[in-house]
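Bear in mind that the values here come from a model prediction, so they are computed numbers and not experimental data. Read the numbers this way: they start at 1 and go in the same order the structure lists the ligands and their atoms. Nothing fancy with the numbering, it's 1 onward along the sequence.
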Amino acid sequence: MSERKAVKVSGQKKLTPFQAVNGYLEQAFDFLGYEQSFRRLLKDAWREIKVQVPLRKDNGELEIFEGYRVQHNAARGPYKGGIRYHPETDLEDVRALASLMSWKTALVDIPFGGAKGGVTCEPKDLSPRELQVLTRSYINNIGAAIGPYNDIPAPDVGTNAQVMAWIMDEYSIRYGHSPAVVTGKPVALGGVKEREEATGRGVSLIAEMVCEDLKLSLSKASCAVQGFGNVGSHAARLLWERGAKITAVSNKDGGLLNPKGIDIGDLLQHISQKGDFTGYSRAEKITNKELLETKCDILVPAALGGVFDAATAARVKTRVILEAANGPTFPDADAVFEENGILVVPDVLANSGGVIVSYFEWVQNIQQYSWEKYHCNVELKKILSKAYQEVKKTSVRHKLSYRTSSFVIGVSRVAEAERLRGT
Ligand code: NAD
């Protein structure tokens, strides 16, 4: 598969995901006054690995997939970042996601760098055996580059705790028992119970902080959530449990709208019986485009990246955007949101709950000591609140958006580590 090219949309050049991240980085570099060579050092990945992922399918045919691991920066600690299984994942996408991880881990001040991995495949088309063989094949080919003190993968779109368990097992066969090589594992293998909902919990905690600042009661706020997978469904449920009115939700096949609020507990029960939204009668059907244009207080993109360009952004009618997904907003859309007075809490802050709890899992695996159950969520809130306050302070002091403030904080921490190490 060839790398993704920048495409033209309505006469305007649309950026690739990596170009979009670099656009944001340049804003932070300009503010920080960094020289060109140092900018390049921070923008480009330290190492990019592209591997074949051969799979003998159940029907006997051999299919070759493409896999990637991009290790962006490790000045502050081992590389850290999820693994995505998706048909549209490519090297350019993974590069962007790896870079975002470096700024995210630095912003929330946990001792990791940034990385991301992916295999270009549709996991839903694979049997459980095929998925396991594909995962082992991928890990075999990148195994020399990962490790508990080198690079620690985690779940992302299309992967889950079971996939993490296979990764741990495959790595451990070669290198000895290594639960700390991957986070987001099942609890029985050293995972932490709180990890699965951690990203969604982080989104709901940030929602509380933003609402307090805007003097908007979360229990009176209306929210629309795009994407109802791991992150979106937990974010919607936790917001709903805090009293927010979830007026719209969606997945890749379309969405549901109920201006009076969707009973998320009831919807989750429906999904556990029917598998998806099909046949849910207590909300009307809408398209994903309609969801993004729904009038609400808080809009939560929690699906894939590249959702908002300038044209879509102009139709958004919300007060706050909480970027649960990675890279949902192109820079031209960011400018439109700013112009329209919409507060955007960027991905590197809004969805950092996942990597924070992954850090707690890694610490416990390294120490071979399990924390008390309540510890994780208390620590998560502490770290998130500190990062949120720092972003707010930087934003007010320097009149910067929350996104540029987040990048300025993250970038300056990575830059300091690079310089202290002698770069
Ligand atoms: P997932 O695979 O569990 O869920 C993805 C969801 O998005 C599914 O409901 C899918 O139907 C939906 N979707 C896909 N295309 C869509 C479209 N065009 N419109 C509406 N919905 C669509 O993935 P996830 O783990 O929930 O990740 C979602 C986002 O959150 C990704 O951007 C990911 O990088 C980011 N993220 C995930 C984690 C994590 O811990 N899993 C952490 C940080 C950030």
Fill in: Per-residue contact class, N326 against ligand 1 - non-hydrogen pairs under 4.0 Å
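It is both backbone and side chain that touch ligand 1.
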
Worksheet item: Backbone, side chain, both or neither: what part of P328 comes under 4.0 angstrom of ligand 1, heavy atoms only?
Response: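 Neither part.
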
Which of the atoms in ligand 1, numbered in the order shown and given with their element, are less than 4.0 Å from a heavy-atom of [X]?
| X | answer |
| --- | --- |
| G158 | 2 (O) |
| R84 | 31 (C), 32 (O), 33 (C), 34 (O) |
| N351 | 43 (C), 44 (C) |
| S250 | 20 (C) |
| R195 | 40 (O) |

Discussion item. Among all protein heavy atoms in this structure, tell me which lies nearest to atom 29 (C) of ligand 1, with the distance rounded to 0.1 Å.
Written reply: A303 O, 3.0 Å

Item to complete: Do me a favour and list the nearest non-hydrogen protein atom to atom 20 (C) of ligand 1 with residue, atom name and distance?
Response: N288 OD1, 3.0 Å

Worksheet item: Do protein heavy atoms approach atom 18 (N) of ligand 1 to less than 4.0 Å?
Response: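 Protein heavy atom within 4.0 Å of atom 18 (N) of ligand 1: absent.
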
If you measure only the distance, is there a donor-acceptor pair under 3.5 Å linking the side chains of [X] and [Y]?
| X | Y | value |
| --- | --- | --- |
| E92 | T16 | yes |
| E338 | S401 | no |
| S405 | T394 | no |
| D213 | Y388 | yes |

Practice prompt. Considering only NZ, NE, NH1 and NH2 on the basic side and carboxylate oxygens on the acidic side, decide whether D93 and R84 come within less than 4.0 Å.
Written response: yes

Worksheet item: Thinking salt bridges, do E61 and R56 make one under a 4.0 Å N-O criterion?
Response: no

Ligand 1 to [X] polar contact by distance, N or O atoms, under 3.5 Å:
| X | result |
| --- | --- |
| D156 | yes |
| A325 | no |
| V231 | yes |

Worksheet item: Under the 6.0 Å and 45° cation-pi test, does R76 pair with F112?
Response: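 That pair does not qualify as a cation-pi contact.
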
May I ask which of [options] has a heavy atom nearer to [atom] than the others do?
| atom | options | value |
| --- | --- | --- |
| atom 15 (N) of ligand 1 | K252, K104, M101, E197 | K252 |
| atom 28 (C) of ligand 1 | G229, A302, G81 | A302 |
| atom 40 (O) of ligand 1 | N251, L304, T199, N230 | T199 |

Worksheet item: When L100 is tested against each of V348, N351, T105, L25 for side chain to side chain contact (heavy atoms under 4.5 Å, CB included), which residue passes?
Response: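 Running side chain to side chain contact (heavy atoms under 4.5 Å, CB included) over V348, N351, T105, L25 with L100 returns exactly one hit, V348.
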
Practice prompt. Check each of E48, R47, K80 against Q71 using the side chain to side chain donor-acceptor pair (under 3.5 Å) test, and report the only one that passes.
Written response: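 Of all the options given, the one that passes is R47.
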
Discussion item. With heavy-atom distances below 4.5 Å as the criterion, would you say the side chains of H177 and M168 are in contact?
Written reply: yes

